[in-house]
There are 2 protein chains.
Amino acid sequence: MPDKQTHIELIAALTAVTSGVPRVMTVRAGEALPSGPFELGHRSLQSGLREWIGDQTGHPIGYLEQLYTFADRDRSSAGGDEGRTISISYLGLVREQAAPGAGRPGWHGWYEYFPWEDHRDGRPNCLLSIAKGLHAWIIAEPSRREHRQRRTDFAFGLDGSPWNEDLALQRYELLYEAGIVAEAGGKADPATGRPMFADHRRILATGIARLRAKIKYRPVVFELMPENFTLLQLQRTVESLAGLTLHKPNFRRLIDQQELIEETGGMSSETGGRPAKLFRYRHAVLEERALSGSRLPLSRN
Amino acid sequence: MPDKQTHIELIAALTAVTSGVPRVMTVRAGEALPSGPFELGHRSLQSGLREWIGDQTGHPIGYLEQLYTFADRDRSSAGGDEGRTISISYLGLVREQAAPGAGRPGWHGWYEYFPWEDHRDGRPNCLLSIAKGLHAWIIAEPSRREHRQRRTDFAFGLDGSPWNEDLALQRYELLYEAGIVAEAGGKADPATGRPMFADHRRILATGIARLRAKIKYRPVVFELMPENFTLLQLQRTVESLAGLTLHKPNFRRLIDQQELIEETGGMSSETGGRPAKLFRYRHAVLEERALSGSRLPLSRN
DNA sequence: TCCGTTAATACTCAATTTGAGTATATATGG
DNA sequence: CCATATATACTCAAATTGAGTATTAACGGA
């Protein structure tokens, strides 16, 4: 074995929201995330990925954030020992756009891959069969039973725990550990969602969890919105990402406390009710602004 | 050029808190973070790093979290084109311990490298000279003046903006961009802190920012505490990390609302006042628990 | 022994922020 | 002109947070 090369691979979880559905860009008929080698010529990882995405898809990326770097041997795609692959994964946000033409890479809904994550119409039924599978795993090993039970209850909002949308990654990893998900040898079952190549679904879960956490303290949603939008459109976008329904009056109050948006003057009468005011994001003033605050009990001395 | 190898390097920002000072493990007389090549034999990045740290230092790592992966050519240490280095950086937390013996790698205080980050005794004076340097940079380019001013005011809590301890990374990157910091060609000045090799100080800033954000919503402080501790010790540790003083009664209220700790029954009379109850972290019950909640206005339907 | 000092611990109270709900206004399509 | 669908504006109680006060328990000299 003369030349055990290490390959550096960039993987992108690109997300857009169209008509209330958060979608991810895929290749291979929805089975993989777009990825490519990191070329030596690139100035940095980010710029390498940006260039590469610009070429592969027509979509300019507004927002790009590093997710995680993987090199686990036991999860690598090329199982053998002909070198190793380091995968550096990114989350990218793309503005809503017309449906892509034929021949283009496909956009698939998040919740095809994670049906248990969408709670906008209440707890999805697939959670019942998932809970059954998890229970089998919990009782399979008496010595770890209690610990597994606690982790499961916490992650999936069982036995009194509330559902927490931020735990998308923990949930996927628990299903993986329990062998329920197809990538971990589980049997095909619509309740456990559509599998993906290698660890791509895990990367997508990482991206979802990161985005769900981030919309609460940084104004990243606006990277997914068109220039002008109504408050309900904004709310629907956030709801689709969080997989939850929000309280309309309170959502509005929250938004205008932050002073992140301003009226354009225009109105929209798309939806059939009273026409809504159009708003736009106040780019100029607020590029680098934190939303929430300390959560630590400061003393002012 | 036959063999343009890509090197994978692991870099660790290991932190411990001793007697109210957060410290980082360094090598080369405080000029660099410990780092080493990623060997092909390792099962995963994390385990590779754990092994390696275990060998190099006597300290077992309780908590280890990936920070960021860098490959920017213009920040690489070996400036030439003999291949490229990918640096994967980690934040590790180490429990308080007796002072390390001679010959061991050294622990240096965070605030030697970032004197402007410690606000426990009020705004440090070094901020005055830093603000002066930043102002020169702001007015140097009239077309970007307003934008630079806003970013500076926000990051450093100037002109009405409050100081936000979470922005440690933004602050360092601003100083880098402005050429104030020695790594970016700035002149030596105690106010701008002690420089480090290559981009190691940037990695430390990333770790500090991550940890400051994380203590607010995950119980990670306990990774830095001894088995038994008093409430004031806990408070002092949090304060040292955040670089802020906290309001004692409210800190206590916060802590026991979370139900993260329990009394051991013992007392401590170390400090000279009334003896304090000793507490311990409730490992068993709470390994995977989120603290804060949604910040999204849910509807309960 | 008494008194100043240093903490620990226990409360109080007003100001904000949240959660939840109600009321009114303005479109559209029969 | 009315049913329907949404937009927008308020209200109000409950919970959380920020700030401060009071009391208790040790120690170390004078």
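Heavy-atom basis, side chains included; hydrogens, waters and symmetry copies ignored. We name chains A, B, ... by the order of the sequence lines, and we start the count at 1 in each one.
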>> Judged by each residue's nearest nucleotide on DNA chain D, which is more toward the 5′ side, B:L254 or B:H247?
In response: B:L254
> salt bridge (charged side-chain N to carboxylate O under 4.0 Å, His left out) with B:R23: which residues, sequence neighbours excluded?
Replying inline: none
> Around atom CG of B:D256, are there more than 12 heavy atoms of other residues, nucleotides or ligands at under 6.0 Å?
Replying inline: yes
> Reckon B:L232 touches a base, only the sugar-phosphate, or nothing at all at heavy-atom distances under 4.0 Å?
Replying inline: sugar-phosphate
> Does atom CD of A:E262 have more than 12 heavy-atom neighbours from other groups under 6.0 Å away?
Replying inline: yes
>> In this structure, how many angstroms lie between the C1' atom of D:dT8 and the CD1 atom of A:I255, rounded?
In response: 15 Å
>> Is it the case that the side chain of B:Q235 and the backbone of B:L246 share a donor-acceptor pair, with hydrogens and angles ignored and the cut-off at 3.5 Å?
In response: yes
>> Measure CZ/A:F279 against C1'/D:dA7 and give the value in whole Å, please.
In response: 10 Å
Could you list all N or O pairs between the protein and nucleotides 27-30 of chain C that sit under 3.5 Å apart?
none

> To the nearest 0.5 Å, how far apart are OG in B:S299 and CD in A:E239?
Replying inline: 7.5 Å
> Whole-Å distance between D:dA5 P and A:K248 NZ?
Replying inline: 13 Å
> Within this structure, what is the CD-to-P distance between B:Q235 and C:dA7, rounded to whole angstrom?
Replying inline: 12 Å
>> With nearest nucleotide decided by heavy atoms, which residue, B:L231 or A:P249, maps closer to the 5′ end of DNA chain C?
In response: B:L231
Are there any protein N/O atoms within less than 3.5 Å of an N/O atom in nucleotides 1-4 of chain C, and if so, which ones and at what distance?
none

> Rounding to a whole Å, what distance do you find between B:Q257:CD and D:dG18:P?
Replying inline: 11 Å
>> Using the rule salt bridge (Lys or Arg N to Asp or Glu O under 4.0 Å), only one of B:R212, B:K216, B:R210 pairs with B:D166; which is it?
In response: B:K216
> Over how many whole Å does the gap from B:Q258 atom CD to D:dT16 atom P extend?
Replying inline: 11 Å
> Has A:R252 got a side-chain N or O lying under 4.0 Å from the OP1 or OP2 atom of D:dT8?
Replying inline: yes
>> How many whole angstroms separate atom CG of B:L296 from atom P of C:dG19?
In response: 9 Å
>> By nearest atom, which of the nucleotides D:dG18, C:dG21, D:dC12 is closest to the B:R253 side chain?
In response: D:dG18
> Any sub-3.5 Å donor-acceptor pair from A:R171's side-chain atoms to A:A155's backbone N or O?
Replying inline: yes
> Roughly, in whole Å, what's the span from CG in A:L246 to C1' in C:dT18?
Replying inline: 14 Å
> Does the side chain of B:Y63 pick up a donor-acceptor pair with the side chain of B:E65 at under 3.5 Å?
Replying inline: yes
>> Over all strands shown, is A:K277 touching base, sugar-phosphate only, or nothing at heavy-atom distances under 4.0 angstrom?
In response: sugar-phosphate
> So, A:R282 side chain and A:E259 main chain: donor-acceptor pair closer than 3.5 Å or not?
Replying inline: yes
